[in-house]
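Shown next, in structure tokens, is the structure this report addresses.
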Number of protein chains: 2
Amino acid sequence: MRRDIFQAIADPTRRAIIALIAIQAMTPNAIAEHFDTTRQAISKHLRILTECELVEQKHQGREIYYQLEIDKMKEIDKWLEQFRQIWETRFQQLDELLSIIKKT
Amino acid sequence: MRRDIFQAIADPTRRAIIALIAIQAMTPNAIAEHFDTTRQAISKHLRILTECELVEQKHQGREIYYQLEIDKMKEIDKWLEQFRQIWETRFQQLDELLSIIKKT
DNA sequence: TATATAAGCAACCGATCGGTTTCGCAAATT
DNA sequence: AATTTGCGAAACCGATCGGTTGCTTATATA
């Protein structure tokens, strides 16, 4: 059951769930209302999100509120960093090229 | 065959391929040498990456060089933007809290 | 105490995934 | 012209995915 964050965000429904609970913690039933599937399907998605620690449970009576563990999202940002360096370098090179053209 | 970038980066081998060809364009054979699988398996990954336009082909004789379409990576960055706003706000709030504590 | 509600869990299903093997084709090399 | 090399395409395979249905447990409410 090797879960990682990249696999977690691969599914569009899970990305939508993430965006939903980013605003405020919600129960599975409340989340399910936003989608065209059963609560059980949502529960499965929440289990995957919980397993890779993207989401946290907060028990409150018989309700379970799921909230986004926003810090975990930074892992994606961290991975992107190596490419951000490249595209910024490219941009800079383009910029330099343009200024050279301008001078001649 | 609905391919999107999030599904493309879900696989660890594909992420490694992306990182590899980010440095310089490479042929399928050259890429395959870096992994413990067959060239055909790599070819399949390249097909998926090509389908979602993360990668471009450059034919040169009978060799095909695959190069990263770095701009496409920005789509992930764009999606992350909404969450970056949240975690920066949280950080700011924490910062304010700390300065309030300091004052008292 | 009986009933309704919130939620997790397990079994099942068709579709897709990642991989291998085999094949065919086109470009280089001999 | 014959052979080697680089590559994609297709067929196949077991594993996993996303979903449903049916069940159990625990907390509220009548």
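Proteins get letters first, then strands, A, B, ... in listed order; numbering begins at 1 in each.
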Please check the phosphate of D/dC17 (OP1 and OP2 only) for any side-chain N or O of A/H45 closer than 4.0 Å.
no
Heavy-atom side-chain proximity of A/F83 to B/L68 below 4.5 angstrom:
yes
Give me the residues of residues 32-43 of chain B where at least one heavy atom lies under 4.0 Å from an atom of DNA chain C, by number, or none.
B/T37, B/T38, B/Q40, B/A41
Return the minimal non-hydrogen interatomic distance between A/A32 and A/R39, and the atom names on each side.
CB-CA, 3.9 Å
Quick one: is B/R3 getting a side-chain N or O under 4.0 Å of the C/dC17 phosphate, OP1 or OP2?
yes
Decide, yes or no, whether a salt bridge links A/D77 with A/K74 under the criterion of side-chain N to carboxylate O below 4.0 Å.
no
B/K78 with B/E75: basic N within carboxylate O range, under 4.0 Å:
no
Rounded to whole angstrom units, what separation is found between the CG atom of A/L49 and the P atom of D/dG18?
10 Å
Take the protein atom CZ of A/R47 and the nucleotide atom C1' of C/dA7, then report the distance between them rounded to whole Å.
14 Å
In this structure, how many angstroms lie between the P atom of D/dA28 and the CD1 atom of A/I64, rounded?
12 Å
Determine whether a donor-acceptor pair (one donor, one acceptor, N or O, separation below 3.5 Å) exists between the side chain of A/K44 and the base of D/dG19.
yes
I'd like to know if A/I17 and A/Y65 are part of one continuous hydrophobic network [Ile/Leu/Val/Met/Phe/Trp/Tyr, side-chain heavy atoms within less than 4.5 Å].
no
Over all atoms of both residues, closest heavy-atom pair of B/E69 and B/E53:
CB-O, 3.5 Å
In residues 52-62 of chain B, which residues come under 4.0 Å of DNA chain C by heavy atom?
B/G61, B/R62
Please determine if a side-chain N or O atom of B/Q7 lies less than 4.0 Å away from the OP1 or OP2 oxygen of C/dC17.
yes
Distance in Å, B/I31 CD1 paired with B/Y66 OH, rounded so as to fall on 0.5 Å steps
8.0 Å
Length of the line joining B/N29:CG and C/dA28:P, which is rounded to integer Å:
15 Å
NZ/NE/NH1/NH2 to OD/OE distance under 4.0 Å, A/R84 and A/E81
yes
Starting at atom CZ of B/F6, determine the distance to atom P of D/dC17, rounded to an integer number of angstrom.
19 Å
CE of B/M26 versus C1' of D/dC7: gap in Å, rounded?
16 Å
If you look at every heavy atom in B/A8 and B/L49, which pair is closest and at what distance?
CB-CD2, 4.1 Å
Go through C/dA7, D/dG6, C/dC17 for me and flag the one nearest to the B/E63 side chain.
D/dG6
Expressed in angstrom and rounded to an integer, what is the separation of A/D11 atom CG from D/dT16 atom P?
18 Å
